[in-house]
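Working notes, structure below.
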There are 2 protein chains.
Amino acid sequence: MLAVEAMLREKNLKVTPQRLALVCELRDKGHLSIEELYYSLKSKFPSISLATIYKNLNAMIDNCFVEEVKLPNVKSRYEISKDLHSHVICQECGKICDIDIDLSSVLKCDTISNSGFEVQKSALVISGTCCDCQAKKQK
Amino acid sequence: MLAVEAMLREKNLKVTPQRLALVCELRDKGHLSIEELYYSLKSKFPSISLATIYKNLNAMIDNCFVEEVKLPNVKSRYEISKDLHSHVICQECGKICDIDIDLSSVLKCDTISNSGFEVQKSALVISGTCCDCQAKKQK
DNA sequence: CTGACTGCAAACGTTTTGCACGGTA
DNA sequence: TACCGTGCAAAACGTTTGCAGTCAG
């Protein structure tokens, strides 16, 4: 919590209760959609508006504190920036998981290095069917 | 051209001049945005409407003939479905390239196989600075 | 000839903006 | 106290829908 406040101040973002709750929500639950954030915060702050969610997310994205995760077929999710990781999404139930995959060898392949392209970021999204949903489908 | 017509008929999509031009545009230029498609087709069909672009793209996406490519910071692009490949995007000039990267070993990693997740698709987007833009920045 | 496609306009959902008020630092 | 953040309402934006007319098969 203190760490979160310090991070916000470091980015010249004031520490308001709404903003603090938003960050904690993202930190605890990870990759949330706008709606999930909105309804979740609405329980703590009944008068909170969608505009506040948007403004805060955008401010934090501008400060590289939060990242948008674009996924196939569904709306974007938002998460606190952390070490490079990939996402796995089940097309049946929509469940999203983080996964640590070492892409360094892939990103150093000849095609890229020969082209002179300087890699800064990479995003890998794997979609398919999770274990539970496979079981359900077999029934 | 004949191949394109055959593909459309196979999917029960009628071959109209607008649709044919849209597909050829995608085939020749690859990963185009809605606006790029619109203005490009407007030169051939001055009365074409955005609704037609949207309806056609959606029909073709439903038939797995076209795919949406979601990219960081910019609007989605659309391309004709083809073999699995990744995308490289320059954050300076916005240039997008296809790249063939073998992700099979990555997708077979222990974390995924142990979880019982069945992988159906994967999308890797690499962003950074292209060779040309690196040169420009050094000036 | 029939059903599908086009193009226009309206509707819709999402995101952004402007502004007055309130809270942080 | 000065400025930033909040919340409301309105505006802007992108996309979808409904419909009448047209075209492909």
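Quick caveat, the model's predicted, so the values are computed rather than measured.
Rounded to a whole Å, the CD1 atom of B/Ile48 is 18 Å from the P atom of D/dT22. Atom-to-atom, CZ of A/Phe45 to C1' of C/dG22 comes out at 15 Å; the value is rounded to the nearest Å. We find that CG of B/Leu57 is positioned 11 Å from P of C/dT6, with the value rounded to whole Å. Here the P atom of nucleotide D/dT16 and the CG atom of B/Leu50 are 11 Å apart, to the nearest Å. The interatomic distance linking B/Lys55 (NZ) with D/dT16 (P) rounds to 11 Å, in whole Å. Rounded to an integer number of Å, the gap from CG of A/Asn58 to P of D/dA12 is 19 Å. With rounding to whole Å, A/Leu8 atom CG is found 10 Å from D/dG5 atom P. Regarding B/Arg9, its CZ atom lies at a distance of 11 Å from the P atom of D/dA24, rounded to whole Å.
Neither OP1 nor OP2 of C/dC8 sits under 4.0 Å from any side-chain N or O of B/Ser49. Within the 4.0 Å cut-off from OP1 or OP2 of D/dT6, at least one side-chain nitrogen or oxygen of A/Thr16 is found. Taking only side-chain nitrogens and oxygens, A/Ser47 never comes nearer than 4.0 Å to OP1 or OP2 of D/dT6. Between B/Gln18 and C/dG7, a side-chain N or O to OP1/OP2 separation shorter than 4.0 Å is present. Note on A/Asn12: every side-chain N or O is 4.0 Å or more away from OP1 and OP2 of C/dA25.
Comparing A/Lys42 and B/Tyr54 against DNA chain D, the residue whose closest nucleotide sits nearer the 5' end is A/Lys42. Both B/Pro17 and A/Thr52 sit near DNA chain D, but only A/Thr52 has its closest nucleotide nearer the 5' end. For the pair A/Glu35 and A/Ala51, nearest-nucleotide mapping onto DNA chain C gives the more 5' position to A/Glu35.
When side chains are defined from C-beta on, B/Tyr38 counts as touching B/Ile48, because their heavy atoms get closer than 4.5 Å.
Between A/Asp98 and A/Lys82, at least one side-chain nitrogen of the basic residue sits less than 4.0 Å from a carboxylate oxygen of the acidic one, meeting the salt-bridge criterion.
Counting only N and O atoms by type, the side chains of B/Glu67 and B/His31 include no donor and acceptor under 3.5 Å apart.
Taking only distance into account, the side chain of A/Lys14 never meets the base of C/dG22 through a donor-acceptor pair shorter than 3.5 Å.
Taking the side chain of B/Val15 as heavy atoms from C-beta on, and the options C/dC19, D/dC19, D/dG25, the nearest nucleotide is D/dG25. Looking at the side chain of B/Asn56, the nearest of the listed nucleotides D/dG5, D/dG7, C/dT6 is C/dT6.
Nucleic acid contact class of B/Lys75 (heavy atoms, under 4.0 Å, all strands): sugar-phosphate only.
In terms of modelled atom types and a separation under 3.5 Å, the side chain of A/Arg9 and the main chain of A/Met7 share no donor-acceptor contact.
Considering CG of B/Leu26 and OG of B/Ser81, their distance stands at 10.0 Å, rounded to 0.5 Å.
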